[in-house]
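Before any comments, here is the structure.
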Amino acid sequence: MRLATWNVNSIGARLPRLVEWLDLAKPDVLCLQETKCTDAAFPATAIKEAGYDVATNGDGAWNGVAVVSRVGLEDVTRGLDDQPPFPADAATPEARAITATCDGIRVCSVYVPNGRDVGADHYTYKLAWLAALQQTATRELATHDRYAVLGDFNIAPTDADVWDPAAFVGLTHVTEPERAAYRSMVALGLVDLEARPLKGDHPYTYWDYRAGAFHKGMGMRIDLVLASASLAATVTDAYVDRDARKGKGPSDHAPVVVDLD
DNA sequence: ATGCCTTATTTCATAAGA
């Protein structure tokens, strides 16, 4: 069983690279983030032709998540329990989470809010959203022994997860409240399946498009796979497919791939 | 061993990403 997660930064712009990657990596289940399209506009036919079913939660230009599977796709749930809206008076919550059961494994694809600036409304929202995620995960774990949350957490769990900690002082992604939220997920019994990098010492998953960040190794590990203990016990390999960050028209994130026995 | 931002929309400019 091969699980993967990938922030594709627009399914529309990335469809050729996605189809190519499905054929290359052959994941059984792939969680997508930042699809940036409505459910109606999602290119489900192209995904189907590649041999996969898909469940989506999209709200248009921004956000958007999906679960792609070739081993079944059941019991789909969109959003989180008591997910906070943004702005606070918004009628519907943002499309940032979708959960489904694939061959007995409960997977949750998440796109955690960015936070923008410490102290900003978006930052407060990010922490509230993470609290809702923790509550949802608690409930799911109570009934699903094999459970994993995969996606773009927009949190670097430790200073080792950014290319230069000094460059991030005072910025989001590395603050103590964000890291505490990450640790609260781990405290539920979820194991951070840190992948091996295909090159270098750090399994970064994101590199800014600007200033040649990828080529200079200026990356961050912010895309995570948090798996229940029973799933974690079956891991045979985990890697960041940095090759997917190369070439023409890449996402700014690389897929994280986990193999289970 | 990679190629020095990219995506979307209220598009020829701006907001957002992290």
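Reminder, nothing fancy here: chain letters follow the sequence lines and each chain counts from 1. Everything numeric in this text was worked out from a predicted model, so none of it was measured.
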So what does [X] touch, heavy atoms closer than 4.0 Å: a base, only the sugar-phosphate, or nothing?
X: A/L171; answer: nothing
X: A/D117; answer: nothing
X: A/F168; answer: nothing
X: A/R245; answer: nothing

Rounded distance in Å between the [atom1] positions of [N] and [M]:
N: B/dT10; M: B/dA16; atom1: P; answer: 14 Å
N: B/dT6; M: B/dA18; atom1: C1'; answer: 13 Å
N: B/dA8; M: B/dC4; atom1: C1'; answer: 23 Å

Which nucleotide in the list [options] gets nearest to the side chain of [X]?
X: A/A13; options: B/dA18, B/dT2, B/dT7; answer: B/dT7
X: A/R14; options: B/dT7, B/dG3, B/dA18; answer: B/dT7
X: A/S10; options: B/dT7, B/dG17, B/dT2; answer: B/dT7
X: A/N154; options: B/dA18, B/dT6, B/dA16; answer: B/dA18
X: A/N7; options: B/dA1, B/dT6, B/dA18; answer: B/dA18

Of A/W129, A/Y111, A/F86, which meets side-chain contact (heavy atoms from CB on, under 4.5 Å) against A/E94?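 For A/E94, the side-chain contact (heavy atoms from CB on, under 4.5 Å) test succeeds with only one of A/W129, A/Y111, A/F86, which is A/F86.
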Rounded distance (Å) that lies between atom [atom2] of [N] and atom [atom1] of [X]:
X: A/F214; N: B/dA1; atom1: CZ; atom2: C1'; value: 10 Å
X: A/M218; N: B/dG3; atom1: CE; atom2: C1'; value: 15 Å
X: A/W207; N: B/dT6; atom1: CH2; atom2: C1'; value: 17 Å
X: A/E34; N: B/dG17; atom1: CD; atom2: P; value: 8 Å
X: A/R17; N: B/dT6; atom1: CZ; atom2: C1'; value: 14 Å
X: A/R116; N: B/dA15; atom1: CZ; atom2: C1'; value: 8 Å
X: A/L18; N: B/dT7; atom1: CG; atom2: P; value: 14 Å
X: A/N63; N: B/dA18; atom1: CG; atom2: C1'; value: 14 Å

So, is [X] near the phosphate of [N], with a side-chain N or O under 4.0 Å from OP1 or OP2?
X: A/R242; N: B/dT2; result: yes
X: A/Y111; N: B/dA18; result: yes
X: A/R210; N: B/dT6; result: no

Closest-nucleotide 5' rank along DNA chain B - winner of A/H215 and A/H122: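 Result of the comparison: A/H215.
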Start at the 5' end of DNA chain B and walk down; is the nucleotide closest to A/G247 or to A/M220 reached first?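 The residue closer to the strand's 5' end, by nearest nucleotide, is A/G247.
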Which ILVMFWY residues are connected to A/V169, directly or by a chain of links, through side-chain heavy atoms under 4.5 Å apart?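 Its cluster mates, by chain and number: none.
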Other than A/M220, what residues sit in its cluster of Ile, Leu, Val, Met, Phe, Trp and Tyr side chains whose heavy atoms are under 4.5 Å apart, directly or through others?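 Listed partners: A/V162, A/W163, A/F168, A/L171, A/V174, A/Y204, A/Y206, A/W207, A/F214, A/M218, A/I222.
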What's the shortest heavy-atom distance between A/A181 and A/S184, and which atoms?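 For A/A181 and A/S184, the tightest heavy-atom pair comes out as O-OG, 2.7 Å.
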Minimum heavy-atom distance A/V76-A/R78, with the two atoms named: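 Here A/V76 and A/R78 meet closest at CG1-NH1, 3.7 Å.
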Restricting to nitrogen or oxygen on both sides, can you table the protein-nucleotides 9-13 of chain B pairs closer than 3.5 Å?
none

What I want to find out is whether A/D161 reaches A/R179 closely enough, with some N-O distance under 4.0 Å, to be called a salt bridge.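 Not counted as a salt bridge, because no side-chain N and carboxylate O are separated by less than 4.0 Å.
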Salt bridge check, A/K48 against A/D53: does any charged N sit closer than 4.0 Å to a carboxylate O?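 Salt bridge flag = yes for A/K48 with A/D53.
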Worked verdict on A/R70 versus A/D28 for salt bridge (Lys or Arg N to Asp or Glu O under 4.0 Å): CA-CA 5 Å; A/R70 63 174 185 178; A/D28 293 297; 2.9 Å; yes
Should the side chain of A/N114 and the base of B/dA18 be counted as holding a donor-acceptor pair, with the cut-off at 3.5 Å?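 Under the 3.5 Å cut-off, the side chain and the base do form a donor-acceptor pair.
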With salt bridge (Lys or Arg N to Asp or Glu O under 4.0 Å) as the test, would you mind laying out the steps for A/R196 and A/D237 before giving the verdict? CA-CA 8 Å; A/R196 63 185 169 85; A/D237 192 17; 2.9 Å; yes
